[in-house]
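First up is the structure itself, then whatever we jot down about it.
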Protein chains: 2
Amino acid sequence: MDDKPVERAGYHHGSLPDALTAAALELLDERGLEQVTVREVARRTGVSPGAPFRHFADRQALLTAVVGRILADFEQWQLAAVAEDEGPAMRAFGLGFVRYAIRHPHRFELIRSKVFGSRQPTELRQRLSGIEQALTGIIVAGQQAGELRAGDPAVVGLAGQALVYGLSQMIVDGYLPPEQAEQLAEQVLDTCGLGIVNSADFQGP
Amino acid sequence: MDDKPVERAGYHHGSLPDALTAAALELLDERGLEQVTVREVARRTGVSPGAPFRHFADRQALLTAVVGRILADFEQWQLAAVAEDEGPAMRAFGLGFVRYAIRHPHRFELIRSKVFGSRQPTELRQRLSGIEQALTGIIVAGQQAGELRAGDPAVVGLAGQALVYGLSQMIVDGYLPPEQAEQLAEQVLDTCGLGIVNSADFQGP
DNA sequence: TGCCTGTGGTAGCACTGTTCACATGGACGA
DNA sequence: TCGTCCATGTGAACAGTGCTACCACAGGCA
């Protein structure tokens with residue numbers, strides 16, 4: 001109906017893929033995955049409904065680009081989280097994950113549907129395996145330092161990922177009341193999680 | 001296109017809501033949540049596209065009815081799982097959960113989007129709290145028997161749910177190779193999960 | 001200068017969820 | 001037995017979607 005595109009300099013946009021990705025991310029944060037519609041993204045970018053398909057094969061491809069941006073942001077977030085936390089890195093990593101999910105529920109919703117799927121573009125896969133390697137490094141170091149219980153790092157890592165991922169999921173889905181979510185998550189991580197030895201030591205003040 | 005409805009006895013169906021729910025569940029199992037379309041469900045039931053809306057306010061309502069069926073089935077599944085397993089009930093419960101997700105990935109996909117949300121109809125909420133109570137009972141009994149580590153049953157339960165839920169999620173999303181998924185899940189549960197004391201005792205033969 | 005190619009516009013297809021006026025026929029009172 | 005009522009099903013229609021043609025523009029190259 002009122003498909004008034006926003007103003008734009010010339011006929012050619014210049015960097016439409018970037019603009020589309022940014023608009024899609026904005027829309028995602030605002031209204032959730034389901035509402036991220038190619039047409040609405042085009043509308044916000046001030047471009048015709050067909051234009052996005054010059055740069056992205058389909059909606060999924062556009063969303064994949066968005067995931068790329070999110071993962072880049074998430075990487076920085078986790079680096080900061082681990083750097084700032086004085087407890088075991090594994091715990092900081094898990095808490096960072098959960099906190100990111102709390103802060104950006106819709107991003108998490110998207111990531112779930114793309115990241116853990118089996119068909120990812122190379123760039124995405126690289127980013128992911130980077131994060132995974134970081135996690136494995138954290139685990140091995142933690143085990144050597146006696147912070148983490150021994151065992152196959154892959155299994156320990158998987159358990160940690162599953163716990164943290166499930167927790168985030170439940171938070172995002174509203175199963176845990178948002179106000180208490182973070183504190184509860186912390187409790188869970190400290191009490192039962194991540195194979196941290198003497199984890200009770202790290203309960204908050 | 002070929003909207004050939006299947007044959008039906010009379011003009012009036014008799015139990016359309018049930019038939020629609022069943023068709024929707026079938027479609028879900030076959031093709032996944034996204035493909036469960038009101039129109040296709042109507043087609044399969046041999047009814048016009050508008051008919052379902054006589055019985056369900058919208059697509060969500062239809063899906064909620066499907067969730068009801070799934071939860072009833074899941075309840076039975078878990079009862080059997082706990083009854084048949086000779087290890088700690090908590091472990092059987094977790095494994096049952098994961099196995100159900102492996103067997104019915106699409107159901108899990110639907111449940112995730114409905115069950116943990118904050119707005120559920122009464123009937124659904126009852127079913128859920130029934131399952132949760134069962135879990136809490138299992139935990140308390142396990143703690144008294146010395147099988148589970150002590151601690152607030154709510155937190156222990158939450159941790160268990162998160163771990164198992166996340167694991168199932170990762171399996172459903174294809175992050176874990178399906179062939180190894182069950183074994184890996186078992187390993188994770190035994191090594192790091194559920195607060196089971198001396199969990200190494202329960203590693204498979 | 002003039003064409004070529006990459007980029008955007010427009011129109012249109014098939015599909016979706018949902019609504020609404022209309023058709024039907026089983027149930028129930030006369 | 002008949003007539004009427006009304007829950008239930010029909011079919012057309014609407015707005016919105018992803019996606020695909022085909023056409024128009026404009027900037028870079030000869």
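Any value given below was found using the heavy atoms of this structure, including those in side chains, with hydrogens, waters and symmetry copies removed.
- One atom, CG of A:L62, and another, C1' of D:dC19, lie 14 Å apart when rounded to the nearest Å.
- Distances were taken from every side-chain heavy atom of A:S48 (C-beta onward) to each of D:dG18, C:dG8, D:dT10; the shortest belongs to C:dG8.
- Taking atom CD of residue B:Q35 and atom P of nucleotide C:dT16, one finds them 9 Å apart after rounding to whole Å.
- When the P atom of D:dA26 is taken as reference, atom CG of A:L16 falls 16 Å away, rounded to whole Å.
- Picking from C:dT10, C:dG8, C:dG17 the nucleotide with the shortest atom distance to the side chain of B:V38 gives C:dG17.
- Using a 4.0 Å cut-off between charged nitrogen and carboxylate oxygen, B:R44 and B:E30 count as a salt-bridge pair.
- For the OP1/OP2 pair of C:dG17 and a distance below 4.0 Å, the side-chain nitrogens and oxygens of B:T37 include at least one atom meeting the criterion.
- With A:D29 as the fixed residue, the salt bridge (Lys or Arg N to Asp or Glu O under 4.0 Å) test singles out one of A:R107, A:R103, A:R69: A:R107.
- For B:P17 and A:R59, each mapped to the nucleotide of DNA chain D holding its nearest heavy atom, the one lying further toward the 5' end belongs to B:P17.
- The base of D:dG16 lies outside donor-acceptor range of the side chain of A:R39, with no N or O pair under 3.5 Å.
- Under 4.0 Å is where a charged nitrogen must lie from a carboxylate oxygen, and between B:E86 and B:R91 no such pair does.
- Taking side-chain N and O atoms only, B:H55 has a distance below 4.0 Å to OP1 or OP2 of D:dG9.
- Distance A:R31 CZ to D:dT17 P: 10 Å, rounded to the nearest Å.
- Interface remark: the A:R54 side chain does form a donor-acceptor pair with the C:dG8 base, using a distance-only criterion of under 3.5 Å.
- Residue-level contact check: B:A51 touches the bases, meaning some heavy atom is under 4.0 Å from a base atom.
- Comparing D:dG18, D:dG9, D:dT17 by their closest approach to the side chain of A:F53 singles out D:dG18.
- Remark: aromatic rings of B:H104 and B:F108 are distant, center separation not under 6.0 Å.
- When the P atom of C:dG17 is taken as reference, atom CG of B:L20 falls 13 Å away, rounded to whole Å.
- Between B:E40 atom CD and C:dA14 atom P there is a gap of 17 Å when expressed in whole angstrom units.
- Between B:D18 atom CG and D:dT8 atom P the separation is 13 Å, expressed in whole Å.
- Less than 6.0 angstrom separates the ring centroid of B:F97 from the ring centroid of B:F74.
- The nearest whole Å value for the distance from the CG atom in B:L27 to the C1' atom in C:dT16 is 14 Å.
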